[in-house]
Visitor: 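Structure below; questions to follow.
Each chain gets a letter, A, B and so on, in the order the sequences are listed, and its residues count up from 1. Computed from a prediction, not measured in an experiment: that's the story for all the values here.
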Amino acid sequence: MSNDTFSFEIIESSKQYSNARLGLLRTPHGVIETPAFIFCATKANIKGVTIDHVKNEGTQIILSNTYHLMLQPTGKVIREAGGLHAFTGWDGPMLTDSGGFQIFSLGHGSVSSEIKSSRGSCSPDKKLSLLKIDDDGAVFRSYIDGSVIKMTPEISMQMQIDLGADMIVSFDECTPYHVSKEYTALSMRKSKEWGLRSLRYLNERGDGSQRLLAVIQGGVYEDLRLESVDFANENGFFGFAVGGSLGQTTFEMREIVSMVMEMLDRRKNVHLLGIGGIDDIFHGIRNGVDTFDCVSPTRIARHGTALVKYDDLKNGKRNINLNNGIFRGDHSPISPNCPCYTCQKFTRAYIHHLLKAKECLGGTLITIHNIHTMNRLMTEIRGGIKNDDLNRVCKEWGSE
RNA sequence: GGAAGGGUAGCCGAGUGGUCAAAGGCAGCAGACUGUAAAUCUGCCGACAUUGAGUCUACGUAAGUUCGAAUCUUACCCCUUCCA
């Protein structure tokens with residue numbers, strides 16, 4: 001693999017915000033213009049839509065999850081299929097997550113109630129299935145058949161090699177918020193160790209067609225974040241992924257993101273794990289984040305909410321819940337200015353009907369629209385950086 | 001004509017003397033969702049009242065029994081099934 005097959009090149013820096021930048025992320029499966037949004041295809045599909053829709057609405061890169069795919073259909077099946085690209089039909093750039101987040105979400109309960117602000121909406125009686133975590137790795141009970149599954153950096157790396165995504169992520173422990181600083185420190189140091197083991201394994205067993213991102217841990221503590229960043233800066237990772245507990249409130253999350261972004265080697269690409277609110281994206285980009293991933297655009301779509309550019313909606317909101325009764329007889333598209341497949345062919349009334357009738361096409365059509373809208377947001381943000389006009393773009397999308 | 005079983009909030013359906021404005025489900029109304037065990041979860045859901053306290057109207061209709069009735073009695077109306 002020649003050196004320029006894989007690279008991250010900063011092609012323009014914002015004058016309005018010194019850290020915001022335009023980049024080109026080159027991978028064997030194509031070039032990603034950054035800032036970019038990465039859609040979650042956790043179980044090797046973006047829920048509810050075909051890969052053609054994903055592509056046609058302007059998606060540059062998608063993400064799948066090691067933990068889910070190792071349970072089902074297993075790495076063996078995907079390796080035999082020729083890797084995730086062949087398996088899914090997606091021929092563009094791809095990232096896989098390591099499974100480290102599952103140590104958190106399967107071990108400590110709901111995501112949203114813990115890492116981010118708000119209360120959890122997960123059903124409370126879910127049984128936690130993390131059995132053990134030590135220096136070697138983590139042991140889970142499979143949520144599919146109850147069998148006992150071991151995850152180590154080496155297992156995660158081998159799985160990610162089998163999956164064959166362009167960018168892969170170090171195995172880490174996503175530290176919850178409600179633990180002591182001592183635990184957070186130990187956990188972060190464990191993730192450092194696991195990062196080294198991940199790197200070593202990939203260098204020894206990989207074929208050179210993949211690059212590794214270091215995960216930045218350290219919770220809400222500046223000194224721990226700095227220690228984690230120093231480690232990542234010094235150890236030859238291709239890029240970075242900011243993860244772990246980002247505090248309890250959105251405000252806290254942004255403070256941590258700003259803090260970490262100041263510490264990282266600015267020559268490398270930075271991914272912000274799991275964050276995808278429009279305000280949070282603008283905040284991240286001003287601070288130099290290059291890529292984001294989040295389940296929110298596709299999840300809320302399945303639940304009936306369509307994202308709409310603030311200036312297009314003209315009612316002071318940035319999304320509409322198509323479950324709401326006011327759309328029963330609304331024969332206009334979701335957004336008047338949207339060229340997506342859904343808005344070209346279908347009306348709010350029709351989609352409202354599909355949702356009410358529990359026809360899964362409703363969620364599908366909104367997912368298509370939301371994918372387009374997120375990609376359009378990122379396109380306009382890149383335009384804003386290029387033209388030193390990011391604040392105008394921000395306003396148009398109803399962000400502060 | 002005879003026999004039996006029923007009629008409960010928008011719908012279905014539990015409840016058989018007080019703890020009943022009445023379980024549960026559906027429908028309706030709204031909200032949440034941030035490295036996906038999520039096409040899921042939460043709240044409201046007779047009327048009036050800004051919420052609460054509260055007031056009123058309600059379990060086919062009418063009249064009773066009772067301190068108290070969706071629940072017991074009588075009559076009537078309607079529905080379903082079975083027998084002729």
Visitor: Does a side-chain N or O from A:Arg302 land closer than 4.0 Å to OP1 or OP2 of B:rU40, or not?
Guide: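 Checking B:rU40 against A:Arg302, no side-chain N or O comes under 4.0 Å of OP1 or OP2.
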Visitor: Atom CG of A:Leu69 to atom P of B:rU36: distance rounded to whole Å?
Guide: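 Taking CG of A:Leu69 and P of B:rU36, I get 11 Å after rounding.
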Visitor: Check for a donor-acceptor pair, side chain of A:Arg348 on one end and backbone N or O of A:Pro333 on the other, with a separation under 3.5 Å.
Guide: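 Answer holds: yes.
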Visitor: How close or far is atom P of B:rG35 from atom CD1 of A:Ile103, stated in whole angstroms?
Guide: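 Rounded to the whole Å, the gap is 16 Å.
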Visitor: Of A:Glu173 and A:Arg299, whose nearest nucleotide on RNA chain B comes first from the 5' end?
Guide: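 Nearest-nucleotide comparison on RNA chain B picks A:Glu173.
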Visitor: For B:rU42, which nucleotide is its Watson-Crick or G-U wobble mate, given both distances must be under 3.5 Å?
Guide: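 Base-paired to B:rA30.
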Visitor: So for A:Thr298 and B:rU36, does any side-chain atom that can act as donor or acceptor lie under 3.5 Å from a complementary atom in the base?
Guide: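 Answer is yes: a donor-acceptor pair is held.
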Visitor: Say we look at B:rA70 and B:rG17: how far apart would their P atoms be, to the nearest angstrom?
Guide: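 To the nearest whole Å, 13 Å.
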Visitor: Inspect the contact between A:Lys76 and A:Glu80 and indicate whether a charged nitrogen and a carboxylate oxygen are less than 4.0 angstrom apart.
Guide: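 Answer for the salt bridge query: yes.
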Visitor: Just the rounded figure in Å: distance from P of B:rA32 to NZ of A:Lys317.
Guide: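 After rounding, the gap between these two atoms is 9 Å.
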Visitor: Strictly under 6.0 Å, is that where the ring centroids of A:Phe237 and A:Phe231 end up?
Guide: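 Between A:Phe237 and A:Phe231, the centre distance is under 6.0 Å.
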Visitor: Output one line per pair: protein atom, nucleotide atom from nucleotides 28-30 of chain B, and distance, for all N/O pairs under 3.5 Å.
Guide:
residue, atom, partner, partner atom, Å
B:rC29, OP1, A:Arg328, NH2, 2.6
B:rA30, OP2, A:Gly325, N, 3.1

Visitor: Below the 4.0 Å mark, does B:rU36 have OP1 or OP2 next to a side-chain nitrogen or oxygen of A:Thr42?
Guide: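 Result: yes.
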Visitor: Could you walk me through whether A:Met378 and A:Gln60 pass the side chain to side chain contact (heavy atoms under 4.5 Å, CB included) check?
Guide: CA-CA 11 Å; A:Met378 301 314 284; A:Gln60 302 191 74; 5.9 Å; no
Visitor: Rounded to whole angstrom, note down the P distance from B:rG60 over to B:rU55.
Guide: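 My reading of the P atoms in B:rG60 and B:rU55 gives 25 Å.
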Visitor: So if I take every side-chain heavy atom of A:Ile275 and compare against B:rG35, B:rU34, B:rA38, which nucleotide ends up nearest?
Guide: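 Nearest to the side-chain atoms of A:Ile275, counting from C-beta on, is B:rU34.
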Visitor: Mapping A:Tyr67 and A:Gly276 to their closest nucleotides on RNA chain B, which lands nearer the 5' end?
Guide: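 Closest to the 5' end, via its nearest nucleotide, is A:Gly276.
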Visitor: Could you tell me the Watson-Crick or G-U partner of B:rU80, where both distances fall under 3.5 Å? Say none if there is no partner.
Guide: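 Partner of B:rU80: B:rA4.
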Visitor: Counting only side-chain nitrogens and oxygens, does A:Lys358 get under 4.0 Å of the OP1 or OP2 atom of B:rC26?
Guide: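 For B:rC26, neither OP1 nor OP2 has a side-chain N or O of A:Lys358 closer than 4.0 Å.
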Visitor: Taking atom C1' in both B:rG18 and B:rU40, what distance in whole Å separates the two?
Guide: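 One C1' to the other, the span is 41 Å.
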Visitor: Over how many whole Å does the gap from A:Asn65 atom CG to B:rA38 atom P extend?
Guide: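 Answer to the nearest Å: 11 Å.
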Visitor: Between A:Asp135 and A:Lys190, does at least one N-O distance fall below 4.0 Å, as a salt bridge requires?
Guide: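 Looking at A:Asp135 and A:Lys190, the cut-off is not met.
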Visitor: Please say whether the positively charged group of A:Arg286, taken as NZ for Lys or CZ for Arg, lies over the ring of A:Tyr17, i.e. under 6.0 angstrom from the six-membered ring centre and within 45 degrees of the axis.
Guide: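 Because its charged atom sits under 6.0 Å from the ring centre and within 45° of the axis, A:Arg286 does stack over A:Tyr17.
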Visitor: Within this structure, what is the CD1-to-P distance between A:Ile62 and B:rU36, rounded to whole angstrom?
Guide: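 To the nearest whole Å, that distance equals 13 Å.
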